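Below is one structure, written out as structure tokens; comments come after it.
As the structure is a computational prediction, the values presented were derived from the model and not from experiment. Counting starts at 1 for both ligands and their atoms, in listed order.
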Amino acid sequence: MKKVDIIVPLTVVRYSELSETERKLVDAARSVTANSYAPYSHFRVGAAILLSNGEIIYGSNQENAAYPSGLCAERTAAFYAHSRYPDATFEVIAVAAIDTDGSEIKAPIAPCGACRQSLLEYETLAGKPVKVILVGSDEIFIIPSVRSLLPVAFTEFS
Ligand code: THU
């Protein structure tokens, strides 16, 4: 028998500790929460993806009266990014959120399982880690790859 413990590497930082590029992406994720369509949960999520061609792609959660038909911010951004720029690879994704009371969440939220799986596809395509930045007002988490958020995963090519 072999026992394996998997550790998720997570760095907790403040906004002031981010690089200029990281700040730009965090600002983008925060700003696009305004475009969220969340009449059911009133929880507004924004995602911003930095691509290898320098473009920043924005996405927000889009809900639906038939609840499961809605889509999270991360997948809205990811699917648009790869449909708009199929030759570019993902470099960094930032996720921010506004709580039901209208203020920014203090502690970051993490992508749901379906978003992790979808993002992992694009990380696999990129052939290198896609950095994940999870944004809260009090603290920001930096996670070095999507794979570290979904360590025992199904992929076609790995
Ligand atoms: N949501 C996201 O967009 N991203 C996440 O990482 C977590 C949850 C959305 C889905 C739904 O519209 C709302 O937040 C409440 O769950």
Side-chain angles (χ1 to χ4, degrees), residues 6-15 18 21-51 55-85 88-126 128-155:
I6 297 169
I7 293 170
V8 177
L10 189 151
T11 310
V12 185
V13 297
R14 296 196 171 276
Y15 184 80
L18 296 172
T21 308
E22 289 168 338
R23 274 188 220 180
K24 213 173 144 188
L25 213 60
V26 167
D27 294 347
R30 280 177 163 158
S31 73
V32 78
T33 57
N35 295 357
S36 156
Y37 176 65
Y40 304 104
S41 73
H42 303 284
F43 190 73
R44 308 166 76 87
V45 185
I49 298 172
L50 175 66
L51 297 178
E55 293 284 339
I56 292 178
I57 302 299
Y58 296 71
S60 57
N61 57 327
Q62 301 293 313
E63 298 185 348
N64 192 278
Y67 290 4
S69 301
L71 199 63
C72 294
E74 296 90 326
R75 274 175 291 160
T76 302
F79 295 157
Y80 177 66
H82 198 251
S83 54
R84 176 71 181 84
Y85 297 109
T89 53
F90 290 21
E91 304 240 319
V92 190
I93 179 167
V95 184
I98 304 294
D99 217 336
T100 50
D101 66 2
S103 62
E104 184 174 34
I105 49 164
K106 286 192 166 57
I109 53 156
C112 76
C115 286
R116 292 177 197 207
Q117 182 71 35
S118 297
L119 291 169
L120 185 62
E121 185 79 17
Y122 298 112
E123 180 171 88
T124 307
L125 267 183
K128 59 179 188 174
V130 174
K131 183 160 58 180
V132 180
I133 305 177
L134 304 176
V135 187
S137 60
D138 284 1
E139 47 189 23
I140 294 173
F141 295 167
I142 299 194
I143 295 150
S145 66
V146 175
R147 166 68 70 170
S148 50
L149 281 176
L150 193 62
V152 186
F154 173 75
T155 59

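Summarising the contacts of atom 7 (C) of ligand 1 with Ile109, Leu71, Thr33, the nearest heavy atom is found in Ile109. Summarising the contacts of atom 10 (C) of ligand 1 with Cys72, Gly113, Pro108, the nearest heavy atom is found in Cys72.
Between the side chain of Asn61 and the backbone N or O of Ala38 there is no donor-acceptor pair closer than 3.5 Å.
Near Glu63, meaning under 4.0 Å from one of its heavy atoms, ligand 1 places the atoms 11 (C), 12 (O), 13 (C). Residue Phe43 has at least one heavy-atom neighbour below 4.0 Å for each of these atoms of ligand 1: 14 (O). Near Ser41, meaning under 4.0 Å from any of its heavy atoms, are these atoms of ligand 1: 13 (C), 15 (C).
Among pairs with a residue in residues 63-85, none fulfils salt bridge (Lys or Arg N to Asp or Glu O under 4.0 Å), at least two apart in sequence or across chains.
Using bins of under 30°, 30° to 60° and over 60° for the plane-to-plane angle, the ring pair Phe79/Tyr122 lands in the perpendicular bin.
Protein heavy atom in closest approach to atom 3 (O) of ligand 1: Ala73 N, 2.8 Å. The single protein non-hydrogen atom nearest to atom 6 (O) of ligand 1 is Glu74 OE2, 2.5 Å, given as residue, atom name and distance. The nearest protein atom to atom 9 (C) of ligand 1, hydrogens excluded, is given as Asn61 ND2, 3.6 Å; this is a heavy-atom distance.
A distance of 5.0 Å separates CG of Leu51 from CD1 of Ile57, quoted to the nearest 0.5 Å. Put simply, CG on Leu25 and CD1 on Ile93 are 8.5 Å apart, with the number rounded to the nearest 0.5 Å.
Within 6.0 Å of atom CD1 in Ile7, 12 or fewer heavy atoms from other residues, nucleotides or ligands are found, so the atom counts as exposed in its surroundings.
Residues Thr89 and Glu91 have side chains that never bring a donor and an acceptor to within less than 3.5 angstrom of each other.
A heavy-atom separation below 4.0 Å is found between Pro111 and ligand 1.
The side chain to side chain contact (heavy atoms under 4.5 Å, CB included) with Arg147 is formed by just one residue from the set Val152, Leu120, Leu119; it is Leu120.
Taking a distance limit of 4.0 Å, we find that atom 16 (O) of ligand 1 is approached by no protein heavy atom.
Within the 4.0 Å heavy-atom criterion, the part of Ala110 lying near ligand 1 is the backbone and not the side chain.
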